[in-house]
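So that the names make sense, note that chain A is the first sequence line, chain B the second, and so on, each numbered from 1. What you are looking at is a predicted structure, and each value in this text was computed from that prediction instead of being measured.
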Amino acid sequence: MVLLDIDYVTDNDKPVIRLFGKEMKDDGDNHIIALDRTFKPYMYVIPHDMDAALKQLEEMGLKNLEKLRKKDLGIDLELIKITLKHPQEVPKLRENILALTMVKDIREHDIPFYRRYLIDNGLFPMSEIQMTGKTVNFSKCVYSGAENINIIDLEESPLPLESDFPELKILSFDIEVRNPDGMPNPDKDEIIMIGLAGNFGVEKVISTKGDHLEYVEKVSNEKEIIQKFVDMVKKYHPDLIVGYNSDNFDFTYIKQRAKLLGVKLDLGIDGSELKFIRRGFTNSATMKGLIHVDLYLVMRRYMNLDRYTLERVYLELFGEEKFDLPGDRLWEYWDQDGDALDELFRYSLDDVVATYKIAEKILPLNMELTRIVGQPLFDLARMATGQQVEWFLMRKAYEYGEVAPNKPSNNQYSERRGKKAVGGYVKEPETGLHENIVQFDFRSLYPSIIISKNVSPDTLIAESVQGVIECIGENNDENPWKNSECHSAPEYGYKFVKEPKGFIPSVIGQVLTERSRLKKKMNETVDPMEKKILNVQQEALKRLANTMYGVYAYSRFRWYSIECAESITSWGRDYIKKTMKKAEKFGFHSIYADTDGFYATYKPDEIKDNK
DNA sequence: CAGAAACGGGG
DNA sequence: GTGTACGTTTCTG
């Protein structure tokens, strides 16, 4: 089946991973919930002294202790893996464990259980997985409410399979409210319309008016609008539901009105209700087995605009204006009936169709990122790009046998926030009209620097941060690096060993190699659909590689290193300036430069060697 | 002037 | 829930 989403529930005090997926059949989709009871939560302990630490942990009553070898930023390390019975024991016990005198540090104690499961089993959402297990009798199952769902009790964890991009059923929705007094107030302002649009032939507006329009589904009151919405979502059974600012507005509003009117929002595949989970200071709307993507959050990351209204984003993506009405006067259109009401219906349909079109355009990239990063689409669509890179690296760390660094403490975080790495070299443009212009730029300058200079926290020579040290050359016995070859960053003098290859340079290397392979394949492919998919895949890898340099200076990054960030930009400035100097020697005159490229003019008869 | 609070999107 | 945005602008004391 295609793995769409994942969570865990507790059954008899034991965690049960639930994998939500579907199998595509000719006569429709076959929905599946697979239960895995075999996976257990764990965390690592770095001991001061192995045997003494084991003794202290045993005295705490901990039983499943295991000695383990891992690497910590490239250095061999012996640590203790503590396996627990329930994920919630980890936050409960970790403070006490850290307080033990023989415990130096704790690691990987803050990884959500389902994410750990995906990483450890090598599973990727939006990809095929192979399962062995038996379908259990529904009546015996503790998860009530679901119908037409196959529940499989797994005998062992599933295996990942190579697979193509899955075809998903996508439904977009949008609500309209009658708000005569400023912003909508869910205590008094009723929902008057809910628009729906999808890739399975649906374009509808549910309302209490407008049955002369063919796309309107008329019901008799607001309660029935919401009930109809719930019924339709269940009937269509989309894999994905998308909205615009739907975390904050549409779902929040529907939830409050539904509560007031007594409608059950049991949109979960297992019969559970729409629920809001806290993410920082804001909430996200979530349903079991139905992936909700709020496109507003996605678009804010994807494009750089002054505003991110639906109208603005739509114009930017499609180059055409969306039919728009003034938000504070929608209630007048509703009350007036006649032509004005028809305009409001048109506006409602236009909004939901625009939302759908944005989804169609932008989801393929996010689906690819989901398949690369390996975390659920719901999470990925709400992650900062730095977080996406981090979870990608968490998986790579597991594969490489590296134990992940901890997240920064509050103190470390505020300390990091005060620091800012100097950026790329910028030469302000010379004003005027120029002719005979040549342009030069480096292809993926920063990723190339990371790889060629081996810039990584695990290759950085700590002594070079404190002061000047020599690698090969200064042969006094005190110098531990006297036999090492290293790269030395301009301006700062931070040094990076040439061997072995650092963790992050290796990963970026892999990403770029994979991207080249896909690009080559794309250019050889004739089939336009295949070409398009390969293009999205290589685009996703490019985005990932390009974000990787920036994350060294991202304050919440586990592999944060201001020294790495500064070294990368200093090499970048060095390269661009040297290249410009060289060009000037040949008679070019540079007129503008920014970070990884520059523009120059030339007088055709003065160029010394124009080969 | 520094630190707190508000803001974004939505109707 | 192995959890707790975010960066920027505006207000307030």
Checking contacts here: which listed nucleotide ([options]) is nearest the side-chain heavy atoms of [X]?
X        : options              : result
A:Glu176 : B:dG11, C:dT2, C:dC6 : B:dG11
A:Pro41  : B:dG11, C:dT2, C:dG7 : C:dT2
A:Arg556 : C:dA5, C:dG3, C:dC6  : C:dC6
A:Leu330 : C:dG3, B:dG11, C:dC6 : B:dG11

Whole-Å distance between [N] [atom2] and [X] [atom1]?
X        : N      : atom1 : atom2 : answer
A:Arg417 : C:dA5  : CZ    : P     : 11 Å
A:Asn410 : C:dA5  : CG    : P     : 10 Å
A:Leu98  : C:dT2  : CG    : P     : 19 Å
A:Asp247 : C:dT4  : CG    : P     : 17 Å
A:Leu325 : B:dG10 : CG    : P     : 14 Å
A:Asp335 : B:dG11 : CG    : P     : 18 Å
A:Phe281 : C:dT8  : CZ    : P     : 16 Å
A:Asp110 : C:dT4  : CG    : P     : 7 Å

Give [X] one of three labels, base, sugar-phosphate or nothing, depending on what nucleic acid heavy atoms sit under 4.0 Å from its own.
X        : result
A:Tyr117 : nothing
A:Glu108 : base
A:Ile111 : base
A:Tyr42  : base
A:Gly182 : base
A:Met43  : nothing
A:Leu84  : nothing
A:Pro91  : sugar-phosphate
A:Asp328 : base

For the pair [X] and [Y], name the ring-plane relationship: parallel under 30°, tilted 30 to 60°, perpendicular over 60°.
X        : Y        : value
A:Phe503 : A:Tyr400 : perpendicular
A:Phe251 : A:Phe229 : tilted
A:Tyr117 : A:Phe39  : perpendicular

Assess [X] against [Y]: is NZ or CZ under 6.0 Å from the centre of the six-membered ring, and within 45 degrees of the ring's axis?
X        : Y        : answer
A:Lys81  : A:Tyr42  : yes
A:Arg556 : A:Tyr554 : no
A:Arg395 : A:Phe124 : yes

Give a yes/no answer on whether the side chain of [X] brings an N or O atom under 4.0 Å of OP1 or OP2 in [N].
X        : N     : answer
A:Tyr8   : C:dG1 : no
A:Arg301 : C:dG7 : no
A:Lys407 : C:dT4 : yes

Residues from residues 345-373 of chain A sitting under 4.0 Å of DNA chain B, heavy atoms only?
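Result for residues 345-373 of chain A: A:Tyr347, A:Asp351, sorted by number.
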
Annotated protein contacts, base or backbone, on nucleotides 1-9 of chain B with a non-hydrogen cut-off under 4.0 Å, one of B, S, - each:
-------BB

How far, in whole Å, is [M] from [N] if one measures between their [atom1] atoms?
N     : M     : atom1 : answer
B:dG9 : C:dT8 : P     : 15 Å
C:dC6 : C:dT2 : C1'   : 23 Å
C:dG3 : B:dG8 : C1'   : 23 Å

Nearest 0.5 Å, please: how far is NZ in A:Lys223 from CD1 in A:Ile225?
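These two atoms lie 13.5 Å from each other.
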
Test of ring centre spacing under 6.0 Å for A:Tyr308 and A:Tyr296:
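No: the rings miss the under 6.0 Å criterion.
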
Please enumerate all residues that pass side chain to side chain donor-acceptor pair (under 3.5 Å) together with A:Thr38, with sequence neighbours excluded.
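Checked A:Thr38 against side chain to side chain donor-acceptor pair (under 3.5 Å); matches are A:Asp36, A:Ser157.
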
Checking A:Glu66 against A:Ile80 for the side chain to side chain contact (heavy atoms under 4.5 Å, CB included) test, could you report, in this order, the C-alpha distance in whole Å, the side-chain angles of both residues, the deciding distance, and whether it holds?
CA-CA 5 Å; A:Glu66 189 186 334; A:Ile80 304 163; 6.0 Å; no

Any salt bridge between A:Asp11 and A:Arg18, counting N to O under 4.0 Å?
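So A:Asp11 does not pair with A:Arg18 through a salt bridge.
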
